[in-house]
There are 2 protein chains.
Amino acid sequence: MVTMRDVAERANVSIATVSFVLNGTKRVAPATRARIEAAIEELNYRRNVVARALASSRTRILALLHPDLESRPNATVIQFVMGAAHGARERGYDLVLWPVNDDEQMSHLLAGGLVDGVLLMEVQIRDSRVERLLSSGVPFVLIGRTENDDLPYVDIDFATTIHQAVEHLRSYSHRNIALVTQRTKASPGNEPGRIMRVESAYLGAIAPLGGRPAVITVEGTSAGGREAASTLHTDFPEATAVILVNEGASAGLAKGVRALGRTVPEELSIISAATTHEFGEMIEPALTVMAAPAPELGRLAADALVDQLEGVPASPHVLIPCTLVPGQSVGPAHL
Amino acid sequence: MVTMRDVAERANVSIATVSFVLNGTKRVAPATRARIEAAIEELNYRRNVVARALASSRTRILALLHPDLESRPNATVIQFVMGAAHGARERGYDLVLWPVNDDEQMSHLLAGGLVDGVLLMEVQIRDSRVERLLSSGVPFVLIGRTENDDLPYVDIDFATTIHQAVEHLRSYSHRNIALVTQRTKASPGNEPGRIMRVESAYLGAIAPLGGRPAVITVEGTSAGGREAASTLHTDFPEATAVILVNEGASAGLAKGVRALGRTVPEELSIISAATTHEFGEMIEPALTVMAAPAPELGRLAADALVDQLEGVPASPHVLIPCTLVPGQSVGPAHL
DNA sequence: CTGAAAGCGCTTACAG
DNA sequence: CTGAAAGCGCTTACAG
């Protein structure tokens, strides 16, 4: 293994000077710099990141703390993850995956000093992991929000997204619009913040339409989607359109609706929000979606975290709405 | 920050002894050990992984080298990734994500000394990244195989999978079975090994049936699936069943077939191999799938790599077939 | 069974 | 502009 000492010897300088040119932390005479760069090139030297981390007490590793994505991966979540990995890499950082469930284990990981900062996914309204992060002193950025809006976060702008979805449906004369969200294992009142925000945005957006609010909450599975279809059918027969914020249930809903003898979009229009265009296309009929800015948000989350670590003044709050991508699941309301 | 020195002082021993009990590397008197453990507990000490890495020249970090998963994530690939992350964590290792495309950048990363070993995804028949790994001396495990079967790998047993799929169709009296695989950007003759293996398994399996071989290669997208449907329709009208090894195209194929006026499974049976049950369920009709053992393989890949790093004698070759999960897309052949 | 000490390969005040 | 040296927090022969 070639070390900084080898480079220093070859260039006839001290290792300190080598370090200075490598990091650009101090002015070095051009001739000296040239000698050092030549030596680095000739020896094909690459600085040891572990030694650097120990000496500088900065590992340049970021952790992505996520729930168990093993069993039921979700297209949008993955785009977050990959966006974050790319964003980190571009800033010279590495991203480690931490599939951590209990926050006890999390404290242990944080205390190990492996990571400079943490990205936290699937944030709940009240999230004990956030408390752990706060008390650990490790910098972090949330992907999602708690009830405390002051913490640094990056999130989908659900309010705008839902308003745009309602607006789109309204332009097709829909007045009775239902909402389907996702049930989680979290204790009631402590769901992911997104669910709460989506509901209140929905209630606000449909109020002017005069229709009866219809909120249905199901699991993010095909079965959940079918359940939503039948609940819709029996409890809210007046609804002519539905907005879905439940990627996993979207296919099941479309199938379930048709199984009940209703056609899409003639008898029921569907918009699936916070999902991907590709995902919507797979379904029959191709769903009109509000595509989540997930790759971008993942990247921005990593960026915001690195900014924070490097003292770059940056806005700790990023909010981006989904983008409407018309498919074939929205049509005029039948009155 | 509480260090090993603090623990040593509190327990009235040297830091070496603390290290011995922490690592279990040397016999320590029970009384001494108890004092040390108490001190660790009281101080809530957690050993610094970076210092440990530098001193032991083992970082306990694994890298997962994968292609760009940002744009078009695939349910199965993600299960690999998450399986590997879990597997690593269970063995006390961390997994970093390396979205690396050119192998130049890869060499740089390898030389930095950050990782003890590498997991390589999307392996090609001839893969320059494997050469880089070999010459870097960093231990690795492939997820997939090159033409050289001697390297340590973990892979889906495509031969068995395809044979079982053909057998299943045969039990429904199908004799003319087509195959749809995935087109990649890789140079011809250097596709992912899976494509080659799937094709030859297919040819071997259908030979006894006497039907004309029908291999269609399309992109892993909805458009690709529709293209496959029309190619099938015009070029291989005799086919009564199709085996798909192209998750991204499966929804498009099902749609495309119906758009051409053929019903599934009455007029065409479909099996989608190397995908997930959940994914198949989303499609109309719910596809009969050969579910990939992806979470398991990801975990086993991490396990095999850790075994290798820790000198545990282990089989470097793991091959697991997909599991048949009947859906509604396979029916009797119409003759 | 335990300890003193060298060493892992860097960074970073501090001096000059 | 450059260098000598301490130090980051561990592990690990080596002695005793």
Side-chain angles (χ1 to χ4, degrees), chain A residues 1-37 39-40 43-61 92 108 110-116 309-311, chain B residues 1-37 39-40 43-61 92 108 110-116 309-311:
Chain A
M1 175 185 223
V2 24
T3 73
M4 196 173 264
R5 176 162 308 285
D6 300 320
V7 173
E9 276 173 12
R10 182 169 195 112
N12 261 304
V13 294
S14 74
I15 60 166
T17 308
V18 176
S19 178
F20 297 150
V21 342
L22 240 25
N23 296 311
T25 40
K26 248 182 182 176
R27 187 173 296 298
V28 172
T32 314
R33 164 188 301 276
R35 280 211 315 286
I36 292 172
E37 282 167 350
I40 288 174
L43 296 172
N44 194 21
Y45 167 71
R46 181 115 174 93
R47 106 162 136 313
N48 181 301
V49 299
V50 178
R52 167 146 102 131
L54 182 58
S56 63
S57 49
R58 303 265 325 269
T59 62
R60 302 193 146 256
I61 297 175
H108 266 209
L110 288 174
L114 177 67
V115 305
D116 287 347
L309 295 174
E310 301 189 341
Chain B
M1 175 187 226
V2 24
T3 73
M4 196 173 263
R5 176 161 308 284
D6 300 321
V7 173
E9 276 173 11
R10 183 171 195 111
N12 260 305
V13 293
S14 73
I15 61 165
T17 309
V18 176
S19 178
F20 297 150
V21 342
L22 240 24
N23 296 311
T25 40
K26 249 182 180 177
R27 186 172 300 296
V28 172
T32 313
R33 164 187 302 276
R35 278 211 319 283
I36 291 172
E37 282 167 350
I40 288 174
L43 296 172
N44 194 21
Y45 168 71
R46 181 114 175 94
R47 109 160 133 312
N48 181 301
V49 298
V50 177
R52 168 146 101 132
L54 182 58
S56 63
S57 49
R58 304 263 326 267
T59 63
R60 302 192 147 256
I61 297 177
H108 266 208
L110 288 174
L114 178 66
V115 305
D116 287 348
L309 295 174
E310 301 189 341

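Convention: sequence-line order gives letters A, B, ...; per-chain numbering from 1. Side-chain atoms are counted along with the backbone in the values below, which use heavy atoms only and exclude waters and symmetry mates.
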(message) Are the side chains of A:R60 and A:V49 in contact, using a 4.5 Å heavy-atom criterion?
(response) no

(request) To the nearest 0.5 Å, tell me how far B:E310 CD sits from B:R58 CZ. (result) 5.5 Å

(request) Using whole Å, report how far CD of B:E9 lies from C1' of C:dA4. (result) 15 Å

(request) Measure the distance from CZ on B:R60 to C1' on C:dC8 and round it to the nearest whole Å. (result) 17 Å

Which atom pair, heavy atoms only, marks the closest approach of [X] to [Y]?
X	Y	answer
B:A53	A:V50	CB-CG1, 3.7 Å
B:V18	B:V13	CG2-CG2, 3.8 Å
B:A39	B:A11	CB-CB, 4.1 Å

(request) Mind checking B:V49 for me? I need base, sugar-phosphate or nothing, with any heavy atom below 4.0 Å counting as a touch. (result) nothing

(request) Decide yes or no on side chain to side chain contact (heavy atoms under 4.5 Å, CB included) for B:S19 and B:L22, but give the supporting numbers first. (result) CA-CA 5 Å; B:S19 178; B:L22 240 24; 5.5 Å; no

(request) Using the test side-chain hydrogen bond (donor to acceptor under 3.5 Å, both in side chains), find all partners of A:E37 that sit at least two apart in sequence or belong to another chain. (result) none

(message) Please check if the number of heavy atoms outside A:R5 that lie under 6.0 Å from its CZ is greater than 12.
(response) no

(message) Counting primed atoms plus P, OP1 and OP2 as sugar-phosphate and everything else as base, spell out the protein contacts along nucleotides 9-16 of chain C at 4.0 Å heavy-atom distance: B, S or - for each nucleotide, 5' to 3'.
(response) BBBBBB--

(request) Please list every stem that involves DNA chain C, where a stem is a run of 3 or more consecutive Watson-Crick or G-U wobble pairs with both pairing distances under 3.5 Å. (result) C:1-3 with D:14-16, C:5-12 with D:5-12, C:14-16 with D:1-3

